Amino acid sequence: MNEIIENIKKRRSVRAYEAKPVPEDILMQIIDAGNSAPSGGNSQGWRFVVAEEEKFRKKLTKIAIPRYKKWMESAPENLKEMRKEVDAKTSDPIFYLAPAIVFVIGSGMSKDLDCPMVCQNIMLAARSLNIGSCWVFFGQLALNDPEIKKALELKDNERVYGPILLGYPEGGFPDSPPKKQPTVKII
Ligand SMILES: Cc1cc2nc3c(=O)[nH]c(=O)nc-3n(C[C@H](O)[C@H](O)[C@H](O)COP(=O)(O)O)c2cc1C
């Protein structure tokens, strides 16, 4: 297996982080990898906000947790079960106390197609540098708070992708969850 494919297969969603910050040069390499994603017409309709400040990260968690609990009340039973396990292991079931939270902020026509590729580049680059990552949909629950919107300078024509957590994995990278064999038809 070549090293690119090996890195793809080794990437894992990390849900426990060391308190240690991600060094700036490493963070910037990861962001640069995100920024190198393809985009429709090379439009590159994205920008990045990285939340590192502890006070701001705590604010995000404080806003998101009650909304997460409310959201979970009407979630499918299998997700509720899965999340019970996750919740039991952490005081922060949204951002997992990650030292860096990357908001990929997209605008323009092809943002819904382009920005997830930016996110995937970020997660793969992070893995190649031994930095853990996780796309956290539940992090979106904090985004319509006026103070958060202001801090991210979110405009009406913009949409947030991720956010993507970054940090050193506490206790190493987790094992892979079960993965289905691909369904392929060659014609
Ligand atoms: C769009 C998207 C949203 C996700 N949201 C969350 C989330 O809110 N919380 C979380 O812990 N993991 C989240 N994940 C991570 C998935 O649970 C994870 O990718 C999946 O369990 C497979 O594990 P792996 O990434 O280690 O292969 C999300 C992943 C994607 C792609």
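Source: prediction; values computed, not measured. If you read the sequence from its start, that first residue is 1, and numbering goes on from there.
- A pairwise comparison of heavy atoms in Asn121 and Gly34 identifies CB-CA, 3.8 Å as the closest pair.
- Judged as a side chain to side chain contact (heavy atoms under 4.5 Å, CB included), and not counting sequence neighbours, the contacts of Val86 are Arg15, Arg83, Tyr96.
- Taking each heavy atom of Val104 and Cys119 in turn, the nearest pair found is CG2-SG, 3.9 Å.
- To the nearest 0.5 Å, atom OG of residue Ser107 and atom CG of residue Asp114 are 10.0 Å apart.
- Atom NZ of Lys9 has 12 or fewer heavy atoms from other residues, nucleotides or ligands within 6.0 Å.
- By the ring-ring contact (aromatic ring centres under 6.0 Å, His included) test, Tyr168 is found to be paired with no residue, residues two or more places apart in sequence or in another chain being considered.
- Between the side chain of Gln140 and the backbone N or O of Gly162, at least one donor-acceptor pair lies under 3.5 Å.
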side-chain contact (heavy atoms from CB on, under 4.5 Å) assessment of Met72 paired with Lys69: CA-CA 5 Å; Met72 285 310 293; Lys69 287 189 175 151; 5.8 Å; no
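- The distance from the CG atom of Leu154 to the CG atom of Asp145 is 11.0 Å, given to the nearest 0.5 Å.
- Placement of Ile101 and Phe138 within a single hydrophobic cluster is found when ILVMFWY residues are connected by side-chain heavy-atom separations under 4.5 Å, directly or transitively.
- With hydrophobic clusters built from ILVMFWY side chains whose heavy atoms lie under 4.5 angstrom apart, Met82 shares a cluster with Ile94.
- Taking each heavy atom of Leu166 and Pro99 in turn, the nearest pair found is O-CD, 3.3 Å.
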Test side-chain contact (heavy atoms from CB on, under 4.5 Å) applied to Arg11 and Asn7, step by step: CA-CA 6 Å; Arg11 181 211 52 79; Asn7 188 61; over 6 Å; no
Start with the C-alpha gap between Val14 and Leu165, add the side-chain angles, then the distance that decides, and say whether side-chain contact (heavy atoms from CB on, under 4.5 Å) holds. CA-CA 8 Å; Val14 170; Leu165 309 179; over 6 Å; no
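- Each of Val22, Ile30, Ile122 was checked for a side-chain contact (heavy atoms from CB on, under 4.5 Å) with Val102, and the lone residue meeting it is Ile122.
- Cluster partners of Met1 are Ile5, counting Ile, Leu, Val, Met, Phe, Trp and Tyr whose side-chain heavy atoms approach within less than 4.5 Å, directly or via other members.
- For the residue pair Leu97 and Ser91, the shortest heavy atom distance occurs at CD1-OG, 4.0 Å.
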Start with the C-alpha distance between Ile131 and Gln29, add both sets of side-chain angles, then the distance that settles side-chain contact (heavy atoms from CB on, under 4.5 Å), and finish with yes or no. CA-CA 11 Å; Ile131 301 291; Gln29 283 185 66; over 6 Å; no
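- Residue Arg12 holds its CZ atom at 10.0 Å from OG of Ser133, rounded to the nearest 0.5 Å.
- Residue Val136 is grouped with residue Trp71 when hydrophobic side chains (ILVMFWY) are merged at heavy-atom distances under 4.5 angstrom, including chains of intermediate members.
- Here the closest non-hydrogen pair linking Cys115 and Gly106 is SG-CA, 3.6 Å.
- Remark: Asp112 engages Arg159, Tyr161 in a side chain to side chain donor-acceptor pair (under 3.5 Å) (not counting sequence neighbours).
- Here the closest heavy-atom approach between residue Phe137 and residue Trp135 is recorded as N-CD1, 3.7 Å.
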Result block: side-chain N/O donor-acceptor pairs under 3.5 angstrom for residues 170-187, not counting sequence neighbours:
none

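- Linking ILVMFWY residues whenever their side-chain heavy atoms come closer than 4.5 Å, directly or via other members, places Phe103 and Ile148 in the same cluster.
- Hydrophobic cluster membership differs between Val160 and Ile164, with clusters built from Ile, Leu, Val, Met, Phe, Trp and Tyr side chains linked at under 4.5 angstrom.
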List, one per line, each side-chain donor-acceptor pair under 3.5 Å for residues 41-63, sequence neighbours excluded.
from  : atom 1 : to     : atom 2 : distance (Å)
Asn42 : OD1    : Gln44  : NE2    : 3.1
Ser43 : OG     : Gly40  : O      : 2.8
Ser43 : OG     : Ser110 : OG     : 3.4
Gln44 : NE2    : Asn42  : O      : 3.4
Trp46 : NE1    : Asn35  : OD1    : 2.7
Arg47 : NE     : Glu158 : OE2    : 2.8
Arg47 : NH1    : Leu152 : O      : 3.3
Arg47 : NH2    : Leu152 : O      : 2.9
Arg47 : NH2    : Glu153 : O      : 2.9
Arg47 : NH2    : Glu158 : OE1    : 2.9
Glu54 : OE2    : Lys58  : NZ     : 3.4
Arg57 : NE     : Glu52  : O      : 3.0
Arg57 : NH1    : Ala98  : O      : 2.9
Lys59 : NZ     : Glu147 : OE2    : 2.5
Thr61 : OG1    : Arg57  : O      : 3.1
Thr61 : OG1    : Asp92  : OD2    : 3.3

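- Under a cut-off of 6.0 angstrom, the local environment of NZ in Lys80 is crowded, with over 12 non-hydrogen atoms contributed by other residues, nucleotides or ligands.
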